[in-house]
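This report refers to the structure that appears directly beneath it.
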Amino acid sequence: MEAELESQAVTRREVLSRAAIGAVVGAAAARASVVAATAPERAHHWGMVIDTRRCIGCEACVIACKIENKTPPGVFYTVVTRETLPGARNDRPVFMTKPCFQCEKPPCVPVCPVNATYKRPSDGIVVVDYDRCIGCRYCMTACPYGARWFDFGEDYPLDEEAGPIISPEYSQYRERVPDASPVGNVRKCTFCLHLQDENGEYDREAGRWPACAKTCPTRAIHFGDLDDPESDVSVLLRERNAIRVKEELGTEPSVYYLL
Amino acid sequence: MTLKRAFWAAGFIGLIPLSIGIYLRVTTGHQLAAYGSVIPWGLWVAQYIYFIGLSAGAFLLSSLVYVFGVKRFEPIGRLAVFSAIVTLLLALFTIWMDIGHLERFWHVFAFANFSSPMAWMIWLYTVYFALLVVEFWLLMRRDLVVAKGAGGLRGFVSRVASLGSRDTSDAGLARDMRRVRILATIGVPLAIMFHGGVGALFGVLAARPYWHSGMYPIIFLVSALASGGALLTVASAIFQEGWRAHREMIVTLGRVVLGLLLLDALFEFSELFIGIYGGDPSFLQSVSIALSGPYGIVFWVLQVGIGLVLPVLLLAGPLRRDPRAVTAACAAVVIGFIGVRLNIVIPGLSVEEIRGLTAAVDDPRVSAVYFPSLFEWVFSIGIGGLGLILFGLGEVFLPLSRHLPSVDAQS
């Protein structure tokens, strides 16, 4: 093809079109190199392994999450379902605490019309930019796990003397007031990322650990770095058989269940 | 005369619930709405896709006149473009009220996400809206200039809307029509893309088996054409000279609507049949919610009875050459398609995505059962009233189907 072109006289049109192609390719390459230079490396892959055989369905994780993140009525970053397994020949429920699965391929992210929700490149946690989210709730329809919640602006009965409600989410310490974000936004579990230190590390000993996992009285919720082969979660995944929910959708959840 | 008065009365009475709805929406946000975190979209989203379908359908049918030169439909060409503008306005206003932060609508342009079907839909209908307005102005320009001389409010509106244009020559009209043809030709793929995009918005979601089908964008287009054609028929029977003047055209439009309606029914049947046979539990659950249970009446009475069986009987039966019967059939389609839209949005969302999710917490926002609250109804009815007012204003101030020398000048 090129040889053919060179054998002919080069017209202005060809020069222009080649220049245009060159400019596009150059711009794309430049952008790629900028992205590569500025995007943080994947340092962690935070995930959970939840042992349903240890779970007693006490819902301490639900309460701990509510207290930690100060979520309003109707917003539950984790819930505990109690259903019998399909096809089980008994009526014994399987308790399942269900935070956001922080999917590796989250279907909620590409649908957002304003790029308000994204997967953090550094540690894989899917977050919502409260100041950008317009509250269209498309992500909620796209999530196959019911992990997203709309903040309708409702509040639990308040004790005036307790002072304003301030949520530590995203280390933004927003005071809860009517009409201001996160009211009117979509909210979700963040693996309590506000408890990370400046290097993005959690520390169980210091109490900087996702509230649900920290609270669980039977230690059913294991949390850690799935990329670290020595972490609790990696060891469990090696030694036990784990499942992920709706694997067939290709979302690759970062939360596993032991049955 | 009494019918006209009833029309205006209904419109103005409708403005009362609209004002109440807007006031409550601005002061209390979404607190009074009945949707929640399991069914995050409700009546307003259904209403939005209903009106946007009417708009796309009416516009695509206007292209018969302005792109394909079908002379028979010439008298309703401008009415079609006007209907497309009115219904688009109603749709956009509804969906604007539905988002969580009204003041952030501009984020869609500032923080573009090219992988979001919703973002594409919004950009495309923004262009579509601009195109509609320009096309409609070109279609009206000469008549507005002519009507400048009329006294009173009508003359004033015409003076303002003519934007200083003074040209009443036939050459000017021919130039307008050439430009309209270009705009309308651009508009056809645009309308197909944006309304197909509305279908794609639902269709792409693998999380919702009831929506996740390649048929969705296609069904949206066909149903838009059917409902938009029906709206046009009703509008041309009521407005301007009414059904007496447009007998032949209304009967022809009725045939077009019948064909589109049957095609739409075929696609819907295929969609349901394939899904039910395939047996995906979530799909089956959505279908059973749509066909029986609390929403069954919407499907069987509104969607199938009023929106399909009744109009097909009228349009294919012995009354098919009576413009009044055709108008009644098309009015039934316009009403019945509210059910079609509700049955897309609500059953698709009414399936728990994790079994036991709604039983896990006792909260009205975590429920797989949805019935619109009074607040939602009030606002929706108000939007209907606003629609009547806008159509009425068009009737009063704009000569939508008056036969001017424009036809001769162009040919």
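Below, read A as the first sequence line, B as the second, and so on, with proteins coming before strands; counting in each chain starts at 1.
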Ranking Gly57(A), Pro144(A), Ala116(A) by heavy-atom pairs under 4.5 Å to chain B gives rank one to Pro144(A)
Picking from Ser282(B), Ala207(B), Pro364(B), which has the most non-hydrogen pairs under 4.5 angstrom with chain A?
-> Ala207(B)
How many angstroms lie between CG in Leu90(B) and OG in Ser380(B), if you round to the nearest 0.5 Å?
-> 11.0 Å
Proximal component of Val109(A), with respect to chain B [non-hydrogen, under 4.5 Å] | backbone
Parallel, tilted or perpendicular: which fits the ring planes of Trp106(B) and Phe111(B), with parallel below 30° and perpendicular above 60°?
-> tilted
Most contact-rich option vs chain B, by heavy-atom pairs under 4.5 angstrom, among Pro73(A), Cys133(A), Ala147(A), is Cys133(A)
Scored by heavy-atom pairs under 4.5 Å with chain A, the best of Val361(B), Asn113(B), Thr28(B), Leu102(B) is Asn113(B)
Would you call the rings of Tyr370(B) and Tyr35(B) parallel, tilted or perpendicular if under 30° counts as parallel and over 60° as perpendicular?
-> tilted
Identify which of Leu201(B), Leu349(B), Val38(B), Ile122(B) forms the greatest number of heavy-atom pairs closer than 4.5 Å to chain A.
-> Leu201(B)
Could you tell me whether Glu376(B) and Arg25(B) make a salt bridge, using a distance below 4.0 angstrom between a side-chain N and a carboxylate O?
-> no
Checking Ser181(A) against chain B: side chain, backbone, both or neither under 4.5 Å from a heavy atom?
-> both
Pair Tyr50(B) + Tyr48(B): ring centers closer than 6.0 Å = no
Among Glu352(B), Glu103(B), Met121(B), Gln31(B), single out the residue with the greatest number of heavy-atom pairs under 4.5 Å to chain A.
-> Gln31(B)
Lys/Arg cation over aromatic Phe202(B): Arg341(B), 6.0 Å, 45° cone | no
Part of Ile99(B) within contact of chain A (heavy atom distance under 4.5 Å) = both
Between Arg365(B) and Glu154(A), is the closest basic N to carboxylate O distance under 4.0 Å?
-> yes
Tell me whether the centres of the aromatic rings in Phe379(B) and Phe375(B) are closer together than 6.0 Å.
-> no
Under a 4.5 Å heavy-atom cutoff, which of Lys246(A), Glu83(A), Arg132(A) has the most pairs with chain B?
-> Arg132(A)
Proximal component of Trp211(B), with respect to chain A [non-hydrogen, under 4.5 Å] | side chain
Under 4.5 Å from a heavy atom of chain B, the part of Pro86(A) involved | both
Chain B interface, residue from Val79(A), Val111(A), Ile134(A) that has the most non-hydrogen pairs under 4.5 Å = Ile134(A)
Before accepting this row, confirm whether a basic side-chain N of the pair Arg42(A)/Asp123(A) lies closer than 4.0 Å to the acidic partner's carboxylate O.
-> no
In this structure, are over 12 heavy atoms from other groups packed under 6.0 Å from Asn90(A) atom CG?
-> yes
Arg137(A) versus chain B, the contacting section by heavy-atom distance below 4.5 Å | both
Is chain B contacted by the side chain of Val183(A), its backbone, both, or neither, given a heavy-atom distance below 4.5 Å?
-> backbone
Check whether Ala206(B) gets within reach of chain A through its side chain, its backbone, both or neither, counting any heavy atom under 4.5 Å.
-> both
Within the side chain of Ser167(A), is there an N or O that forms a donor-acceptor pair under 3.5 Å with the backbone of Arg174(A)?
-> no
Parallel, tilted or perpendicular, as decided by the 30° and 60° cut-offs, for the rings of Phe114(B) and Trp123(B) | tilted
Bottom line for Val80(A): the part with an atom under 4.5 Å from chain B's heavy atoms is backbone
Indicate yes or no for a side-chain donor-acceptor contact from Lys70(A) to the backbone of Arg176(A) under 3.5 Å, with no hydrogens or angles considered.
-> no
Heavy-atom distance under 4.5 Å to chain B: side chain of Pro107(A), backbone, both or neither?
-> neither
In terms of heavy-atom pairs under 4.5 Å with chain A, the winner among His30(B), Arg208(B), Arg355(B) is Arg355(B)
Among Gly146(A), Pro113(A), Gly74(A), Gly184(A), the residue with the most heavy-atom pairs under 4.5 Å to chain B is Pro113(A)
Select one option (side chain, backbone, both, neither) describing which atoms of Phe76(A) are under 4.5 Å from chain B's heavy atoms.
-> side chain
With a 4.5 angstrom heavy-atom cut-off, which part of Leu249(A) approaches chain B: side chain, backbone, both or neither?
-> side chain
Using the ring of each side chain (for Trp, its six-membered ring), is Trp96(B) parallel, tilted or perpendicular to Phe93(B), with breaks at 30° and 60°?
-> tilted
Among Gly36(B), Ala33(B), Ala110(B), Gly29(B), residue most engaged with chain A (heavy-atom pairs, under 4.5 Å) = Gly36(B)
